[in-house]
Amino acid sequence: MSAVSDRLPTFPWDKLEPYKKTAAAHPDGIVDLSVGTPVDPVPELIQKALIAAADSPGYPTVWGTPELRDAITRWVEHRLGARGVTHRHVLPVVGSKELVAWLPTQLGLGPGAKVAFPRLAYPTYEVGARLARAEHVAYDDPTELDPAGLKLLWLNSPSNPTGRVLSQEELTRIVAWAREHGVLVLSDECYIELGWEADPVSVLHPDVNGGSYDGIVAVHSLSKRSNLAGYRAAFLAGDPAVLGPLLQIRKHGGMMTSAPTQAAVVAALGDDEHVRVQRERYAARRAVLREALLAHGFRIEHSEASLYLWATRDESCWDTVAHLADRGILVAPGDFYGPAGATFVRVALTATDDRIRTAAHRLTP
């Protein structure tokens, strides 16, 4: 066991504990804007679907019910503009973090293979490479990478942590480059329905991929758009030549989404109204927090989408974390997402309206 754990970095959130204690000691309590975990209720129609499927004594299938696959194919065509999507093009997964962490291993990558991800990125991309004993490399522009040995290229648009959105032109150029060099593209699009100052585009859109899904797979999650982080509900869509073998591997591993969760996902993907309502909540919270941070002397970069504000006071991120903790506000230090984030903090929009207003009041000069 130690041989595996020794490959991994220190779990970053453990380092935040002393600052969490400081923030929690505030007379009016902590405002936790560090982890992007939903706090609003699961929409009622989704809860009802889960309850209706509660009597599920048999094993679910890894590929999911036909109804689930229908719901996913309809959604990627309706919402993302994909065309010609069949059941062979989709695969449910047990939350997107599980997929990110174990995909390099499931693809058979190992020593000598390279996994690339953005310079500022969700830490689990690197963890997945380390678990597989593959090399990992961070990039600013993936088309400037040495393609020798590069087997897996992670894109993340909208980005966690920065909220940056890759344009249709950028995505088209990257997909063309990856295909030229035989590199598999995995596009993490879990925040695609949360664009504020940009309209995020999927690699599944024909204007990006030329009408072919060869060598591309998109990752989508219901955690943020439907408040289903506790359900562990996500899916892949893209190249059947990649998803078919993954399905077989995941069958052997018993990586099954629970039957009630599958029913809940069908309901969630079939309803746009709850997504609109949740977007409005986050948009309002974003406006309040953004104004307060700017008034407090922060500069905000990117942040045109996703659930975070990428903010800096041009000092060590840990100094900023301490400064805000003294005011009862907990945020994530930017270096959790790579050395390039050393002077930034990630401020999540995932707190109640009341706590967001409280944070804004504490930031008022």
Side-chain angles (χ1 to χ4, degrees), residues 1-16 34-37 93-164 166 174 178 183-191 203 217-221 223 234 236 242 246 255 302 306-308 310 317-318 321 332-346 348:
M1 289 297 294
S2 62
V4 176
S5 61
D6 287 349
R7 291 181 224 154
L8 304 179
T10 302
F11 189 63
W13 296 98
D14 292 345
K15 293 190 263 185
L16 203 55
S34 60
V35 182
T37 186
V93 295
V94 191
S96 58
K97 184 170 186 175
E98 167 264 302
L99 183 281
V100 172
W102 292 106
L103 182 65
T105 299
Q106 292 173 7
L107 291 174
L109 305 186
K114 291 190 292 188
V115 175
F117 45 79
R119 181 83 54 196
L120 284 164
Y122 184 48
T124 312
Y125 302 132
E126 178 181 337
V127 167
R130 288 176 175 269
L131 285 170
R133 289 195 174 96
E135 298 177 36
H136 55 87
V137 56
Y139 65 77
D140 294 308
D141 180 344
T143 65
E144 296 176 356
L145 291 167
D146 179 357
L150 181 59
K151 300 299 182 183
L152 176 59
L153 173 63
W154 282 106
L155 305 181
N156 182 207
S157 175
S159 162
N160 174 15
T162 69
R164 182 187 172 204
L166 295 174
I174 293 166
V183 178
L184 175 62
V185 173
L186 260 288
S187 182
D188 182 344
E189 301 174 354
C190 291
Y191 297 90
V203 295
V217 175
V219 185
H220 286 272
S221 167
S223 292
L236 306 179
V242 177
L246 272 181
M255 297 174 127
H302 299 300
S306 84
L307 281 183
Y308 312 104
W310 188 239
C317 60
W318 289 100
V321 168
D335 65 5
F336 276 11
Y337 309 95
T343 60
F344 284 80
V345 293
R346 192 194 73 170

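Sequence positions, counted from 1, serve as the residue numbers for this chain.
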Verdict with reasoning, Asn160 to Leu307, per side-chain contact (heavy atoms from CB on, under 4.5 Å): CA-CA 8 Å; Asn160 174 15; Leu307 281 183; over 6 Å; no
Before you tell me yes or no, could you show the steps for Val217 and Val185 under side-chain contact (heavy atoms from CB on, under 4.5 Å), namely the whole-Å CA-CA distance, both residues' side-chain angles and the distance that decides it to 0.1 Å? CA-CA 6 Å; Val217 175; Val185 173; over 6 Å; no
What's the verdict on ring-ring contact (aromatic ring centres under 6.0 Å, His included) for Trp154 and Tyr122, showing C-alpha distance, side-chain angles and the deciding distance? CA-CA 10 Å; Trp154 282 106; Tyr122 184 48; 9.0 Å; no
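Residue pairs meeting the side-chain hydrogen bond (donor to acceptor under 3.5 Å, both in side chains) criterion with at least one partner in residues 332-345, sequence neighbours excluded, are Trp318-Asp335, Tyr337-Arg346.
Judged by distance alone, the side chain of Glu189 and the main-chain N or O of Leu155 form no donor-acceptor pair under 3.5 Å. Within the 3.5 Å criterion, the main-chain N or O of Ser159 finds no donor-acceptor partner in the side chain of Ser157.
Within 6.0 Å of CZ in Arg119 there are more than 12 heavy atoms belonging to other residues, nucleotides or ligands.
Under the 4.5 Å side-chain criterion, counting only non-hydrogen atoms from C-beta, Pro104 is in contact with Leu152. Taking 4.5 Å as the limit, some side-chain heavy atom of Leu236 sits within range of a side-chain heavy atom of Leu99. In this structure, Leu246 and Gln106 have side chains that are in contact, with non-hydrogen atoms separated by less than 4.5 Å. Considering only heavy atoms from C-beta on, Pro333 comes within 4.5 Å of Leu16 through its side chain. The shortest side-chain heavy-atom distance between Leu153 and Tyr139 falls under the 4.5 Å cut-off. Under the 4.5 Å side-chain criterion, counting only non-hydrogen atoms from C-beta, Val93 is in contact with Glu98. In this structure, Asn156 and Phe117 have side chains that are not in contact, with every pair of non-hydrogen atoms separated by 4.5 Å or more.
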Identify every side-chain donor-acceptor pair in residues 108-116 under 3.5 Å, counting partners at least two apart or on other chains, and give the distances.
from   : atom 1 : to     : atom 2 : distance (Å)
Lys114 : NZ     : Asp146 : O      : 3.2
Lys114 : NZ     : Ala148 : O      : 2.9

If you look only at distance, which donor and acceptor atoms sit under 3.5 Å apart when one is on a side chain in residues 125-132 and the other is two or more places apart or in another chain?
from   : atom 1 : to     : atom 2 : distance (Å)
Tyr125 : OH     : Asp188 : OD2    : 2.7
Glu126 : OE2    : Arg130 : NE     : 2.7
Glu126 : OE2    : Arg130 : NH2    : 2.9
Arg130 : NH1    : Arg7   : O      : 2.9

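Using cut-offs of 30° and 60° on the angle between ring planes, the pair Trp13 and Phe336 is perpendicular.
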